[in-house]
J.: 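Before anything else, here's the structure in question.
These figures come from a predicted structure and were not determined experimentally. Ligands are counted one by one from 1 in listed order, and the atoms in each one are counted from 1 as well.
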Amino acid sequence: MALNLFNTLSRSIEEFIPLDPAGKKVGMYCCGPTVHDFAHIGNFRTFVFVDLVRRYLEFKGFEVTHVMNITDIEDKIIKRVQANKVPLREFTQKYEDVFIEDLGALNCLPPHRTPRATEHIPEIIALIEKLVARGIAYKANDGSVYFSIDKYQGCGCKYGQLINLNFEGMRAGERVSSDEYEKESIADFALWKARVPEDGEIFWPSPWGEGRPGWHIECSAMSMKWLGPSFDLHLGGEDLMFPHHEDEIAQSEGAGVQPDAKPFVKHWMHGAHLLVEGKKMSKSFGNYFTLRDLLAKGFSGREIRYLLMSSHYREQFNFTLEGLTGARNALARIDECLAKLRGTAAGATAAPDAELLEKISDALDHDLNISGAWGVIFEWVREANRLLAGNQLSAERAAAGLAAWEKINGILGFSTVVEAEIPAALSALLEERQVARKAKDFKRSDAIRDELKAKGWVIEDTPKGARLKKL
Ligand code: AMP
Ligand code: ZN
């Protein structure tokens with residue numbers, strides 16, 4: 001069946017047809033992290049959603065090129081760098097590394113390219129120059145370069161493609177230099193920000209003087225550099241729809257670089273927010289958990305991934321720790337059934353159960369109906385358990401189920417979560433702690449726990465004994 005996905009641009013579910021005349025290659029860009037801090041699991045809900053899209057496209061036979069940028073220059077980063085008095089790269093590299101590590105813990109496939117904004121300054125400048133040459137961007141008295149929404153609209157382009165904007169009463173023609181300007185304002189936005197004393201040593205030369213790029217132009221330049229001026233799929237969280245993505249369209253289409261009046265992006269997808277008690281999980285509200293917070297509580301990347309993937313990507317849902325316990329139980333049910341199937345299959349091989357796979361893709365073809373897919377999986381588990389209990393499942397049928405699960409798992413990404421390898425010296429410390437505990441030497445056992453924690457590992461007491469988990 002054809003793959004149908006909601007397109008924010010048309011506000012409707014459409015068949016996904018790539019621009020590639022052969023219908024095979026797909027260029028996909030998702031806005032990556034702003035590397036100024038640890039990402040929270042709200043952020044990761046979006047990246048797990050992006051991973052599901054990529055995996056499902058690959059399952060459908062598309063050849064995906066997945067690009068995710070690293071926003072390593074932006075208002076908040078500059079403030080933090082100045083406050084911490086460290087060089088920009090040293091500061092951002094730390095959070096970039098942590099982010100990539102966290103993506104791995106959630107078993108998200110690494111993007112094919114992760115361009116950094118600071119390494120694309122020439123492309124950014126070249127794009128701004130095109131906009132200036134076309135009269136759509138202008139240098140203001142403060143030395144910054146702004147995008148003129150009026151001039152852009154004057155060229156017959158539409159500002160307000162992703163959301164309907166009510167232009168009446170809006171502050172068109174005003175200027176904003178902030179990257180995250182007030183929503184619903186259509187003030188001209190900054191493409192190039194002139195150097196100010198607060199920027200310290202963070203600036204680049206440009207035809208308009210020293211300064212740095214705005215956030216929105218970074219994504220236009222990097223996506224078009226790596227995927228071409230017109231590409232298939234652009235993703236992000238719903239908060240990026242406006243102004244960030246609207247501005248990306250305006251800058252990219254305003255530069256007039258697309259051949260044959262093709263759009264900058266054919267298909268836009270936005271993931272809904274993860275909430276906490278009805279409010280968006282966010283750093284500014286302080287209602288967040290980082291991935292590491294949850295790993296330290298003893299949950300695994302796999303369980304967190306399951307929870308983040310349990311609802312439809314266009315539905316908001318509330319995060320709770322109870323939800324994670326539910327995720328643990330659901331995965332345990334699947335794992336238990338798989339273990340029994342392995343026992344029954346006893347090494348037999350078979351082609352994947354085609355009916356099961358078809359039901360899964362029927363659900364996912366319909367705008368990634370993940371609840372439908374989970375319904376199919378748990379129905380399959382129930383039926384397999386019933387047959388296994390009655391000794392009514394042949395080795396071949398068990399093997400066919402397992403082979404189908406392999407494919408399903410390629411889409412959902414659960415079984416290959418690899419626990420970090422534990423260095424021998426740390427295993428020895430854990431052993432020593434067990435001995436100390438047995439001898440009721442709690443001072444020593446607590447000291448070992450603290451030592452392990454300082455090295456980035458926590459002790460998890462499980463029914464099968466104590467084990468180490470990476471923080
Ligand atoms: P940032 O690092 O702030 O640029 O955000 C990275 C990604 O996380 C963006 O795609 C955001 O839309 C997304 N995001 C931020 N908060 C949430 C949330 N509570 N739920 C889902 N996605 C989020
Ligand atoms: Zn972006």
Side-chain angles (χ1 to χ4, degrees), residues 8 28-53 67-77 80 92 95-96 98-100 102-103 106 108 111 114-117 120 124 127 162 179-180 183 189 191 213-227 231 233-252 264-265 268-291 304 307-320:
T8 316
M28 153 174 166
Y29 183 90
C30 84
C31 294
T34 307
V35 282
H36 60 84
D37 205 341
F38 292 92
H40 57 67
I41 56 152
N43 301 126
F44 284 115
R45 179 181 185 198
T46 293
F47 294 105
V48 165
F49 145 63
V50 170
D51 188 56
L52 174 67
V53 173
V67 179
M68 179 194 76
N69 75 294
I70 304 285
T71 303
D72 63 347
I73 173 75
E74 175 266 1
D75 299 350
K76 275 185 281 208
I77 295 180
R80 295 275 180 105
T92 56
Y95 292 110
E96 181 185 319
V98 163
F99 180 81
I100 300 290
D102 287 357
L103 271 190
L106 289 168
C108 292
T114 48
R116 298 186 186 102
H120 290 74
I124 292 169
L127 187 58
L162 291 171
D179 283 327
E180 294 179 86
K183 288 199 166 60
F189 57 90
L191 300 169
W215 172 38
H216 313 304
I217 195 81
E218 296 174 3
C219 276
S220 285
M222 287 185 277
S223 61
M224 294 200 289
K225 158 132 190 195
W226 294 107
L227 295 170
F231 59 92
L233 189 53
H234 195 314
L235 307 104
E238 60 183 337
D239 55 329
L240 298 193
M241 225 182 273
F242 185 82
H244 186 56
H245 288 164
E246 195 62 49
D247 289 350
E248 274 190 51
I249 296 178
Q251 298 158 148
S252 311
F264 162 51
V265 172
W268 287 86
M269 291 180 84
H270 292 96
H273 284 149
L274 183 66
L275 311 179
V276 179
E277 291 170 356
K279 226 167 144 184
K280 176 189 172 190
M281 180 180 282
S282 104
K283 279 269 152 78
S284 44
F285 297 142
N287 60 353
Y288 65 93
F289 285 97
T290 64
L291 183 70
I304 299 162
L307 181 70
L308 296 179
M309 219 193 246
S310 55
S311 300
H312 189 262
Y313 76 92
R314 284 196 289 126
E315 276 164 24
Q316 297 185 331
F317 79 93
N318 273 304
F319 170 80
T320 59

J.: Please state whether G271 comes within less than 4.0 angstrom of ligand 1, counting heavy atoms only.
T.: no
J.: Looking at atom 23 (C) of ligand 1, what's its closest protein heavy atom, distance included?
T.: G42 O, 3.4 Å
J.: Would you say C219 has an N, O or S atom lying under 2.8 Å from the Zn ion (ligand 2)?
T.: yes
J.: Report yes if some heavy atom in the side chain of F319 is under 4.5 Å from a heavy atom in the side chain of E277; otherwise report no.
T.: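 Sidechains of E277 and F319: no contact.
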J.: Tell me, which protein residue and heavy-atom name are nearest atom 9 (C) of ligand 1, and how many Å apart are they?
T.: L240 CD1, 3.8 Å
J.: Would you call the rings of H244 and H216 parallel, tilted or perpendicular, where under 30° means parallel and over 60° means perpendicular?
T.: tilted
J.: Do I124 and E218 have side chains that get closer than 4.5 Å, going by heavy atoms?
T.: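 Touching, per the 4.5 Å side-chain cut-off.
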J.: What class does the angle between the rings of F99 and F44 fall in, given that below 30° is parallel, 30 to 60° is tilted and above 60° is perpendicular?
T.: parallel
J.: Return the name of the atom in H244, of element N, O or S, nearest to the Zn ion (ligand 2).
T.: NE2
J.: Parallel, tilted or perpendicular for H270 and H245, by the 30°/60° rule?
T.: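 Rings of H270 and H245: tilted, 30 to 60°.
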J.: Run the numbers for me: atoms of ligand 1, each under 4.0 Å from some heavy atom of D239, listed by number.
T.: 11 (C), 12 (O)
J.: With atom 10 (O) of ligand 1 as the reference point, say which of G237, C30, A39 has the nearest heavy atom.
T.: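 Looking at heavy atoms only, G237 sits closest to atom 10 (O) of ligand 1.
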J.: Look only at interatomic distance and state if N43 has a nitrogen or oxygen under 3.5 Å from any nitrogen or oxygen of ligand 1.
T.: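 Such a contact does occur with ligand 1.
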J.: Assess H270 for proximity to ligand 1: is some non-hydrogen atom of it under 4.0 Å away?
T.: no
J.: To check you understand the geometry: which heavy-atom pair defines the closest contact between L233 and V265, and what is its length?
T.: C-CG1, 4.2 Å
J.: Just verifying a value: how many Å separate E248 CD and M241 CE, rounded to the nearest 0.5 Å?
T.: 13.0 Å
J.: Indicate yes or no for a side-chain donor-acceptor contact from N69 to the backbone of C219 under 3.5 Å, with no hydrogens or angles considered.
T.: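 Answer holds: no.
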J.: Would you mind checking which non-hydrogen protein atom is closest to atom 16 (N) of ligand 1, with the distance to 0.1 Å?
T.: K280 CE, 3.4 Å
J.: Examine M281 against ligand 1 and note whether any of their N/O atoms are separated by less than 3.5 Å.
T.: yes
J.: Under 6.0 Å from the six-membered ring centre of Y288 and within 45° of its axis: does the NZ or CZ of K283 meet both?
T.: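 Yes, K283 sits over the ring of Y288.
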J.: Say whether F47, considering both its backbone and side-chain N or O atoms, lies within less than 3.5 Å of an N or O atom on ligand 1.
T.: no
J.: Judging by distance only, is a nitrogen or oxygen of L274 under 3.5 angstrom from one on ligand 1?
T.: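 Between L274 and ligand 1 (N or O atoms, distance only) the closest approach is under 3.5 Å.
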J.: Pick whichever of V35, T34, T46 has a heavy atom sitting closest to atom 13 (C) of ligand 1.
T.: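 Considering heavy atoms of V35, T34, T46, the nearest to atom 13 (C) of ligand 1 sits in T46.
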